[in-house]
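The next block holds one structure in the form of structure tokens; read it before the comments.
Letters go in sequence order (proteins before strands), and every chain restarts at 1. Heavy-atom basis, side chains included; hydrogens, waters and symmetry copies ignored.
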Number of protein chains: 2
Amino acid sequence: MTTARVVFMPSGKRGDFALGTPVLDAARSLGVDIDSVCGGRALCGRCQVQCMSGEFPKHGIRSSTDHLSSKSDTEKHYGPRGKRLLADDRRLSCQARIEGSVVIDVPSTSQVHRQVVRKSADNRKITLDAAVRIHYVRVEEADMHEPVGDLQRLNNALEREWGLTALDCDLTVLQSLQRALREGDWRVSVVVHSQKRIIAVWPGFKAAIYGVAVDVGSTTVAAHLVDLTSGDIVGSEGLMNPQIRYGEDLMSRVSYVMMHPEGAAEMTEAIRLGLNELIDQLVAAHESVTAVDILELTVVGNPIMHHLLLGIDPVELGGAPFALATDAALELKATELDLAVNPGARVYMLPCIAGHVGADSAAVVLSESPQESDELTLLIDLGTNAEIVLGDRSRLLACSSPTGPAFEGAQISCGQRAAPGAIERVRIDPDTLEPRFQVIGSELWSDNAKFSDSIASSGVTGICGSGIIEVVAEMFLAGIITEDGVINGSLAAQSRRVEADQRTWSYVLYDGDIKITVTQNDVRQIQLAKAALHAGVSLLMDHYGSRDVKRIRLAGAFGSHIDVKHAMVLGLIPDCELSQVASAGNAAGMGALIALLNQESRRLIESVVKRIEKIETAIEPKFQEYFVDAMAIPNKSDPYDKLFSEVERPRERAAPPASETGSRRRRRKQPRT
Amino acid sequence: MTTARVVFMPSGKRGDFALGTPVLDAARSLGVDIDSVCGGRALCGRCQVQCMSGEFPKHGIRSSTDHLSSKSDTEKHYGPRGKRLLADDRRLSCQARIEGSVVIDVPSTSQVHRQVVRKSADNRKITLDAAVRIHYVRVEEADMHEPVGDLQRLNNALEREWGLTALDCDLTVLQSLQRALREGDWRVSVVVHSQKRIIAVWPGFKAAIYGVAVDVGSTTVAAHLVDLTSGDIVGSEGLMNPQIRYGEDLMSRVSYVMMHPEGAAEMTEAIRLGLNELIDQLVAAHESVTAVDILELTVVGNPIMHHLLLGIDPVELGGAPFALATDAALELKATELDLAVNPGARVYMLPCIAGHVGADSAAVVLSESPQESDELTLLIDLGTNAEIVLGDRSRLLACSSPTGPAFEGAQISCGQRAAPGAIERVRIDPDTLEPRFQVIGSELWSDNAKFSDSIASSGVTGICGSGIIEVVAEMFLAGIITEDGVINGSLAAQSRRVEADQRTWSYVLYDGDIKITVTQNDVRQIQLAKAALHAGVSLLMDHYGSRDVKRIRLAGAFGSHIDVKHAMVLGLIPDCELSQVASAGNAAGMGALIALLNQESRRLIESVVKRIEKIETAIEPKFQEYFVDAMAIPNKSDPYDKLFSEVERPRERAAPPASETGSRRRRRKQPRT
């Protein structure tokens with residue numbers, strides 16, 4: 001017998017091969033997905049397989065490890081030089097030769113297009129298929145008998161060994177190619193982008209290249225460093241967006257641009273320097289990685305962050321008609337953005353959806369995939385503008401709504417950015433009206449004896465966005481504010497927590513070294529913000545033709561800290577089963593990661609974004625109507641039956657005075673100071 | 001009758017159109033080639049046509065200028081603002097409307113793909129079809145009801161008005177697009193490269209863009225500035241290659257690189273600065289042109305110039321196997337070469353043919369088109385290496401031959417670069433052996449009474465390459481040297497021009513303030529150089545299978561100064577009818593110009609270069625044999641029948657002594673000093 005049968009698991013692909021055929025060659029001829037960076041030269045250790053022993057009646061063969069050639073010296077001593085170890089029961093498929101019938105198991109870690117587990121709640125998987133890949137090749141030596149250029153010889157090798165044809169080549173590669181070929185003794189590792197273009201070259205064998213997925217938030221810039229050959233996230237870092245010195249929220253930054261001729265250029269430089277700092281942080285944490293090993297970045301951000309990073313003046317986004325310079329995805333060289341990574345590195349920026357619905361929202365869509373679901377899904381990314389996407393498999397709609405910066409703690413009397421010392425969780429006892437709270441930096445509630453010690457370094461400094469939502473919702477549940485948002489001054493008689501504040505009333509949340517109160521105006525600001533958000537959602541529901549949202553995901557740093565019950569009590573989000581409402585974590589960052597690891601996902605999100613119906617709230621006559629309706633808590637037209645089947649209804653109290661009367665009463669009851 | 005017949009000349013295309021149809025629209029619907037930059041808005045003046053009057057029986061119509069709408073105000077006052085004048089009998093086809101049957105003549109200057117006359121001897125024409133084109137478009141204003149990006153609106157306009165689809169866009173354009181659209185009141189002029197990518201944008205109407213065709217020679221860098229919308233050469237400039245300070249000839253520059261670690265980078269910077277200086281010169285001469293108006297450059301040069309400009313260390317070209325980094329054509333951004341032109345400008349570099357046969361030779365092929373001829377053509381570009389191409393429609397072959405720098409005046413005792421003061425023309429009276437000569441900088445021969453005055457500023461300083469060829473050839477024709485190249489010392493007896501020089505003899509060409517002689521060694525150097533060249537040509541003839549060359553073109557600065565008769569007398573070029581031998585002028589520069597004006601020519605030369613059979617002389621056993629043969633004058637195996645049917649045969653003299661004897665005799669005859 002000169003051939004033997006080989007069956008590959010889990011695919012079940014099989015074939016008969018001449019004895020002596022390397023397992024890797026057999027796999028390739030059957031189209032079995034086995035990874036290899038070194039092209040079968042026992043350098044990369046990625047092609048590991050396991051031979052299964054026993055009878056396989058279905059395939060009519062008996063498989064045995066003896067039916068493979070015995071371990072080569074390379075396999076016996078594998079590991080010390082490279083980083084990948086070869087377990088005793090594993091073989092390198094490029095070394096093991098077929099000597100009899102075998103069933104070969106290809107472990108998932110050896111598959112080219114293996115699944116990478118997402119570190120998110122729903123554990124969905126990403127198929128590893130990066131746009132940049134590294135290939136080790138042996139190039140024919142330059143020879144006067146075959147007078148062609150070194151690049152052409154490299155291209156021939158890439159075609160022969162990797163099936164890559166008609167590749168273009170960066171000038172920076174051409175500049176170093178001849179030296180690399182000779183230093184590597186005509187063996188080089190080549191990075192190819194999108195199967196189209198050679199973007200980097202190293203002499204000899206190089207095991208791994210890296211990518212960075214970046215979410216440029218207006219407050220925080222976050223990035224993952226990823227090994228593109230394995231799909232592993234090897235590090236994650238974040239830093240404050242250095243543009244904060246030009247304005248805390250987006251609109252103040254746009255104002256800065258309008259007032260300063262060089263403002264946009266300054267902020268472009270600031271964010272680019274910031275990204276380089278972040279890249280430094282990422283590689284500093286990993287001895288084996290340098291910035292030159294980074295070959296691709298994917299970037300998401302809201303339209304203003306997106307434009308500023310690109311060096312586009314965002315002034316048009318500051319006023320109607322809110323025109324984007326482009327809504328298409330972009331593929332750039334990292335050098336065009338002054339990024340200090342490999343000179344051949346590319347940057348992929350996800351498409352923006354509309355003037356206020358950015359590449360960050362596109363990334364959230366990519367991460368949450370509402371277009372693949374039969375259930376009506378609502379995605380909300382809260383910031384100075386809420387970016388809202390609603391839809392399912394049949395249609396997707398998007399809009400933004402001008403919530404203003406209240407959710408970010410701005411325009412709130414004791415508001416502040418989420419930072420140590422900020423109150424982020426609040427509970428109010430409906431009987432005593434006494435509050436307890438948590439601050440960022442401590443796990444303890446304020447009624448714990450050790451609370452003061454635990455916050456000694458920061459103290460209590462203010463209320464952040466999630467705190468303000470909780471305290472207003474708790475005030476409503478405790479009956480301190482009415483459905484109209486009026487603080488019930490009559491309660492001052494029974495609790496020192498309700499106190500007069502000029503012509504209105506306030507709720508005293510904290511009265512220590514500083515005094516933190518929730519004023520009537522604070523409640524109004526939250527009402528305005530949540531009304532804007534709800535009006536935007538209502539408009540999308542109108543256009544979609546259903547209000548029956550089955551699934552809600554809150555994205556962004558703020559969205560991941562918000563308590564969904566309190567958000568719903570306020571009417572911030574529409575009625576929905578509480579179990580179906582969740583934070584999407586950093587869904588924008590996850591979308592950037594997906595785009596980094598899987599090139600097909602780029603075409604997917606580009607086509608999905610084109611299909612999204614863009615609704616401009618500013619020109620929708622019903623927006624104002626919905627807005628007024630939604631000033632009430634939760635809001636006027638919606639009974640929130642689902643919510644209140646799970647949550648205790650607000651404490652019923654003596655009907656508070658009507659607004660007019662209320663202010664008169666308040667004036668009367670105002671204590672003399 | 002509501003339609004009328006329109007016939008366009010010279011194409012003869014015809015159709016019936018509704019009365020009132022603009023002539024331009026009628027032309028377009030028939031596919032008649034009428035130019036327009038402004039898209040029919042009476043701004044560019046490129047769509048001029050002429051209405052022919054009279055009976056046209058063939059078409060069955062009577063044509064009259066009355067059958068067009070009367071001149072619009074725009075046409076009546078055309079000219080002062082724009083630069084194009086509208087003659088009385090001309091109409092703008094975008095303004096004139098059809099009101100009856102007409103025959104319309106489209107003058108060649110109004111055709112998009114019009115022919116541009118080449119300023120070269122053979123007057124062949126180039127069809128204008130530049131890779132970069134400027135388009136004036138009106139873009140829909142940004143509108144909240146249609147929330148798409150400004151770029152997408154621009155792309156829609158380009159598709160609607162110009163049929164351009166799926167265009168990419170440079171980041172630099174995106175950065176200025178929004179401002180340009182608003183400054184131009186939503187009318188912009190857009191430059192599109194290869195129908196694929198937007199590379200520049202201006203607010204409003206812009207009439208012209210420019211390109212530069214560059215020939216980077218090792219001695220001289222020459223460039224043409226071209227109006228890409230008209231095909232007109234608006235200026236030509238040249239400068240010394242600033243790399244000359246690193247070495248006069250190519251090999252000394254490669255040596256410099258080998259000796260100095262930063263040598264290649266220094267020379268790259270030098271040539272890039274030089275190109276910027278040249279560009280400055282070109283635009284300085286034209287008030288209406290600035291560097292930002294330059295959108296494309298085409299560049300040719302020998303492999304070492306090519307690599308150094310690209311920032312590729314040319315060290316591999318300095319020794320076997322003479323490996324090019326790449327032999328493919330390159331398309332780059334001008335910024336990658338640090339060129340101070342429009343930031344979106346592109347650079348096209350023609351392909352190199354082989355290690356010593358560069359993009360300059362490819363450009364010569366493009367200019368001379370041997371691949372389109374049935375006659376066997378020989379193209380020679382002389383320098384430190386001769387780059388040789390031989391062939392016809394059926395095949396093309398190329399090689400380079402190591403002639404050394406003798407033809408450039410180096411290694412010649414009184415040799416110098418072609419510059420004022422250098423002897424470039426020589427005649428020797430075969431009876432008296434007295435010479436007369438011309439020097440660069442004067443039109444007069446040295447036997448003219450006013451000669452001394454005419455060269456007062458330079459004097460006589462040496463012999464340049466073309467001078468050395470003439471003097472050696474004249475020495476041979478006068479019988480001063482033998483077929484073997486030996487200076488016949490016996491002539492010292494009859495002429496003071498032949499004098500002893502150590503152990504050999506010299507010919508005294510000039511004996512004024514300095515003495516200029518042609519030594520035996522000088523003759524040997526020319527023999528060596530011409531033997532190398534002839535051996536290369538012979539090899540190509542062998543491979544081709546015929547020695548019957550019908551047409552010879554000498555390219556390059558040197559080739560255009562050489563006297564073909566003298567070159568043939570020496571056996572520098574093979575036997576051929578003298579009338580079929582000519583200088584190709586700056587054929588390399590012409591090739592660069594063709595590639596700039598006609599994008600199809602790029603695909604053409606790329607495919608021709610791939611087809612060229614590359615012969616490496618260093619590994620051809622017969623090269624040495626041919627070389628030895630060709631040391632004789634003209635050379636041993638070829639009687640040069642065609643030449644000597646037109647040229648008087650060399651003066652027969654008493655058989656000179658055999659070499660051995662000769663040196664003995666010379667020693668004997670050597671005058672005591």
Heavy-atom distance under 4.5 Å to chain A: side chain of [X], backbone, both or neither?
{"X": "Ala323(B)", "result": "both"}
{"X": "Ile615(B)", "result": "neither"}
{"X": "Leu310(B)", "result": "both"}

Between chain A and chain B, are any donor-acceptor pairs under 3.5 Å, and how far apart is each one to 0.1 Å?
{"residue": "Gly149(A)", "atom": "N", "partner": "Asp327(B)", "partner atom": "OD2", "Å": "2.8"}
{"residue": "Asp150(A)", "atom": "N", "partner": "Leu324(B)", "partner atom": "O", "Å": "2.7"}
{"residue": "Asp150(A)", "atom": "N", "partner": "Ala325(B)", "partner atom": "O", "Å": "3.4"}
{"residue": "Leu151(A)", "atom": "N", "partner": "Ala325(B)", "partner atom": "O", "Å": "2.8"}
{"residue": "Gln152(A)", "atom": "OE1", "partner": "Asp327(B)", "partner atom": "N", "Å": "3.0"}
{"residue": "Gln152(A)", "atom": "NE2", "partner": "Thr326(B)", "partner atom": "OG1", "Å": "3.0"}
{"residue": "Gln152(A)", "atom": "NE2", "partner": "Asp327(B)", "partner atom": "OD1", "Å": "3.4"}
{"residue": "Gln175(A)", "atom": "NE2", "partner": "Leu310(B)", "partner atom": "O", "Å": "2.7"}
{"residue": "Gln178(A)", "atom": "NE2", "partner": "Ala323(B)", "partner atom": "O", "Å": "2.8"}
{"residue": "Gln178(A)", "atom": "NE2", "partner": "Leu324(B)", "partner atom": "O", "Å": "3.3"}
{"residue": "Arg182(A)", "atom": "NE", "partner": "Glu316(B)", "partner atom": "OE1", "Å": "3.0"}
{"residue": "Arg182(A)", "atom": "NE", "partner": "Glu316(B)", "partner atom": "OE2", "Å": "3.1"}
{"residue": "Leu310(A)", "atom": "O", "partner": "Gln175(B)", "partner atom": "NE2", "Å": "2.7"}
{"residue": "Glu316(A)", "atom": "OE1", "partner": "Arg182(B)", "partner atom": "NE", "Å": "3.0"}
{"residue": "Glu316(A)", "atom": "OE2", "partner": "Arg182(B)", "partner atom": "NE", "Å": "3.1"}
{"residue": "Ala323(A)", "atom": "O", "partner": "Gln178(B)", "partner atom": "NE2", "Å": "2.8"}
{"residue": "Leu324(A)", "atom": "O", "partner": "Asp150(B)", "partner atom": "N", "Å": "2.7"}
{"residue": "Leu324(A)", "atom": "O", "partner": "Gln178(B)", "partner atom": "NE2", "Å": "3.3"}
{"residue": "Ala325(A)", "atom": "O", "partner": "Asp150(B)", "partner atom": "N", "Å": "3.4"}
{"residue": "Ala325(A)", "atom": "O", "partner": "Leu151(B)", "partner atom": "N", "Å": "2.8"}
{"residue": "Thr326(A)", "atom": "OG1", "partner": "Gln152(B)", "partner atom": "NE2", "Å": "2.9"}
{"residue": "Asp327(A)", "atom": "N", "partner": "Gln152(B)", "partner atom": "OE1", "Å": "3.0"}
{"residue": "Asp327(A)", "atom": "OD1", "partner": "Gln152(B)", "partner atom": "NE2", "Å": "3.4"}
{"residue": "Asp327(A)", "atom": "OD2", "partner": "Gly149(B)", "partner atom": "N", "Å": "2.8"}

Among [options], which has the most heavy-atom pairs under 4.5 Å with chain B?
{"options": "Gly355(A), Ala320(A), Ala142(A), Ala325(A)", "answer": "Ala325(A)"}
{"options": "Ala328(A), Gly311(A), Cys169(A), Ala264(A)", "answer": "Gly311(A)"}
{"options": "Leu154(A), Leu177(A), Leu171(A)", "answer": "Leu171(A)"}

Checklist line | Set of residues satisfying side-chain contact (heavy atoms from CB on, under 4.5 Å) with respect to Val254(B), sequence neighbours excluded | finding: Met258(B), Ile304(B)

Note to self: What I'd like to find out is whether the side chain of Leu174(B) reaches to under 4.5 Å of the side chain of Leu330(A), using heavy atoms alone.
What the structure shows: yes

Notebook entry, point to check: Are Val148(B) and Leu324(A) close enough that some pair of their side-chain heavy atoms sits under 4.5 Å apart?
Noted result: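 No. Closest side-chain heavy atoms not under 4.5 Å.
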
